[in-house]
Number of protein chains: 2
Amino acid sequence: MGSEPEDEAGGPQRVRRRRATAGGGAVMADVARRAGVSGQTVSRVLNDHPRVRPETRERVRAAMRELGYRPTASARTLASGRSRTLGVISFDAARFGPAATLAGINEAAQEAGYLVSTIALTAADQAAVRGAVDRLLGQGADGIIAIAPQHSVGEALVEADHGRPMVTLDKSFGARFPVVAGDSASGARQATEHLLRLGHRTVRHIAGPVGWIAAEARVDGWRAALKDAGAEAHEPLFGDWSADSGYDLGRRIAHDPDATAVFVSNDQMAVGVLRALHEAGRRVPEDVSVVGYDDIPEAAHLLPPLTTVRTDFAEIGRRCLSLMLDQLERTPEPGVRVTIPTELVLRESCGHLFRGSARQAQG
Amino acid sequence: MGSEPEDEAGGPQRVRRRRATAGGGAVMADVARRAGVSGQTVSRVLNDHPRVRPETRERVRAAMRELGYRPTASARTLASGRSRTLGVISFDAARFGPAATLAGINEAAQEAGYLVSTIALTAADQAAVRGAVDRLLGQGADGIIAIAPQHSVGEALVEADHGRPMVTLDKSFGARFPVVAGDSASGARQATEHLLRLGHRTVRHIAGPVGWIAAEARVDGWRAALKDAGAEAHEPLFGDWSADSGYDLGRRIAHDPDATAVFVSNDQMAVGVLRALHEAGRRVPEDVSVVGYDDIPEAAHLLPPLTTVRTDFAEIGRRCLSLMLDQLERTPEPGVRVTIPTELVLRESCGHLFRGSARQAQG
DNA sequence: GGCCTTGATGTTAGCGGTAACACTCCCCCT
DNA sequence: AGGGGGAGTGTTACCGCTAACATCAAGGCC
């Protein structure tokens, strides 16, 4: 090639340090040399600066292509203080809701040219949350999106405060960062009112675990609907979101002949409830009506197909991202709270309570 | 404070550039000054070098704590060429299998002190895969784990080759990188043989989409089991993994009175199949036996509880990570292929075919 | 026509770490 | 006593890129 830089004779011959680029590829200086410009001009091309002559720009671009040049993110981050990386802290990443939200965030981030680093936490203790925030920030994340479905996580986030933008999901208190959430209270109300309209005297509730924001909002929505209708409110039964727990709690309800309508806080638990009712010989919807929450893709094919409250998780993810971008690139509105509407999807798991028997009520 | 470095009088006063650290926190030099050592010693403490006197180490640690020092990853990456970040390319991240695998990877990565950057792809075309690889490498990922469930993705990965370590999931050909996969062929064989042992003359198959490696391996395993038993093999029906498609295809099978046993390539489709059979008035397991695949958490609570093939997705994720670490930190074995065993979980969706009727067969 | 813009590009000095090497001590051995 | 060697620490030169400033040519203005 003949383009090796000459070492001045006799100078102390230092070992060339290993390059930081992947596969030892070209670096900016190589591109600059090849295009016959300075490194700064290459940098300008890279960053779409307007003050570069079109032909120079093209020459640099060509050199980049020919050398297979790939900018080194760590160097750019170090020099500019921006990484175009977003950190995401998530819990329970294998469950449908969080997973779908995460997918939405990822997709939107990609479109906006950001990379996403995810830390999936299992424990919700403050040390874990703080550690995750630290690692993400240390990594240079420009901002953090935290799925904070439990009060404890929300509190830990406030504790672990830092200078960078943050968006949280679900977290219900404190106007410190923007929050995105599905409208759980309203969804629960819709579900409950639907069941009441079908003639049920009251509606039982199988709730998500205590301390979970969405779970508690659904309890509130359910309770409010009952109160408005002057219906009795039994104490809710608290599950852990799993079909297993839905089954266990469903059996308790199945053995209570007064129970004719159940609102379950998510579809997975509803699966277990349907089984418990079936095994106890109580027909759905003839004897008992069931409404779930989330509208998982399987909900339409359960036996019977499940009436449920749909949340657009992908939209939640997208809104998180757009709020984050607002903070990063535009003027942030402080303390925004975005609520994603829900929709009751009518299927076959609910029936009229009518002369002790029931007819199917279809949307 | 009094610790501001003095500018020599009259020197050209340059504006201090914005710090790259989050929230303008302390940097290594600050820690060094406070602990009364050089930056290099701080670096040694940070990296657990053995050659530091315990009391010095403690002094440095104290200084770090007091200043809330957080090392800047981009600087470390730039200087060392290692980022302790792994890139993950995933598809279909909202489905149970991939999501659970991803969770396993994340968890294992965290334990090993690595951060994970995920790119979720929707299209499997070469440009998308190549772009994802580029972005991950540009970000400084030390290695890439690619969930490559389709042939096309595997091919694209080979094309997008690069110098860094890689581990792929499912990808069936080419010994270029280590591969981890659930043992789909064996799982399918177990399922099929189980049904045959119950007395079914043959077993129908609802398969995953063409081009998906796991789907095709399950077809192969199913076909092999039938062949060994000398049973007739109907042409499989190809779904798209969704409960919707399972329902559509299930209806075709439901209307065929000869069909007494169905092996479905995943549990979601099996949900649809169960519904289709139910609606057609065919009882499970009395008239038709059904086996699914994956053992999603809801499988035990379907009506009837679904016999299925369990794969330990978390283990798959962990193995991916350990293979990656082998490549990064130890002597890599080239072209390893790790197969995660499967287990047939017996529940109530299968019955003996016996005098035209069926009795339950329970493990 | 000299002076001030403006556009295009180059030069310099970092960003915050780490690798390689240099330099002290201090102990041990002969 | 002299020297070898290792433990502990400091010095220097980068890693690859970008911000700030400097430079330089071409053009507009009075």
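In what follows, chains are A, B, ... by sequence order, proteins preceding strands, each numbered from 1.
Of the inter-residue distances, the one linking B:Arg337 atom CZ with B:Phe177 atom CZ reads 13.5 Å to the nearest 0.5 angstrom. Atoms CZ and CG, from B:Arg130 and B:Asp125 in turn, are 12.5 Å apart once rounded to the nearest 0.5 Å. The CZ atom of B:Arg135 lies 5.0 Å from the CG atom of A:Leu115; values are rounded to the nearest 0.5 Å.
Rounded to a whole Å, the CZ atom of B:Arg84 is 15 Å from the C1' atom of C:dT18. Distance B:Asn47 CG to D:dT9 P: 16 Å, rounded to the nearest Å. The CZ-P distance, from A:Arg76 to C:dG16, rounds to 18 Å in whole Å. Here the P atom of nucleotide D:dC15 and the CG atom of A:Leu78 are 13 Å apart, to the nearest Å. Note: OH (B:Tyr69) to C1' (C:dG16) measures 7 Å, nearest angstrom. The NE2-P distance, from A:His49 to D:dA20, rounds to 10 Å in whole Å. Rounded to an integer number of Å, the gap from B:Met28 CE to C:dG16 P is 11 Å. Rounded to an integer number of Å, the gap from B:Gln139 CD to D:dG16 P is 16 Å.
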Close N/O contacts between protein and nucleotides 7-11 of chain C (under 3.5 Å):
residue	atom	partner	partner atom	Å
C:dT9	OP1	A:Arg53	NH2	3.1
C:dT9	OP1	A:Thr56	OG1	2.5
C:dT9	OP2	A:Arg53	N	2.9
C:dG10	OP2	A:Ser38	N	2.8
C:dG10	OP2	A:Ser38	OG	2.9
C:dG10	OP2	A:Thr41	OG1	2.8
C:dG10	O6	A:Arg44	NH2	2.7

Verdict with supporting geometry, B:Leu102 and B:Thr118, side-chain contact (heavy atoms from CB on, under 4.5 Å):
CA-CA 9 Å; B:Leu102 234 118; B:Thr118 310; 4.1 Å; yes
After noting the C-alpha distance and the side-chain angles of A:Gln139 and A:Ser117, does the key distance pass the side-chain hydrogen bond (donor to acceptor under 3.5 Å, both in side chains) rule?
CA-CA 9 Å; A:Gln139 258 290 322; A:Ser117 284; 5.1 Å; no
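A donor-acceptor distance shorter than 3.5 angstrom exists from the side chain of A:Asp142 to the backbone of A:Arg84, with no hydrogens or angles considered.
Nearer to the 5' terminus of DNA chain D, by closest-nucleotide assignment, is the contact made by B:Glu55 (compared with the other of B:Ala75 and B:Glu55).
Using a 4.0 Å cut-off between a side-chain N of Lys or Arg and a carboxylate O of Asp or Glu, B:Glu66 and B:Arg61 do not qualify as a salt bridge. Using a cut-off of 4.0 Å between Lys/Arg side-chain N and Asp/Glu carboxylate O, B:Arg70 and A:Asp134 are scored as salt-bridged.
Between A:Ser43 and D:dT18, a side-chain N or O to OP1/OP2 separation shorter than 4.0 Å is present.
Taking the C1' atoms of five terminal pairs at each end of the helix from C:dG1-D:dC30 to C:dT30-D:dA1, the two resulting helix axes are inclined by 50°, rounded to 10°.
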For residues 43-50 of chain A, please give each side-chain donor-acceptor pair under 3.5 Å, one per line with the distance, not counting sequence neighbours.
residue	atom	partner	partner atom	Å
A:Ser43	OG	A:Asn47	ND2	3.4
A:Asn47	OD1	A:Arg76	NH2	2.9
A:Asn47	ND2	A:Ser43	O	2.8

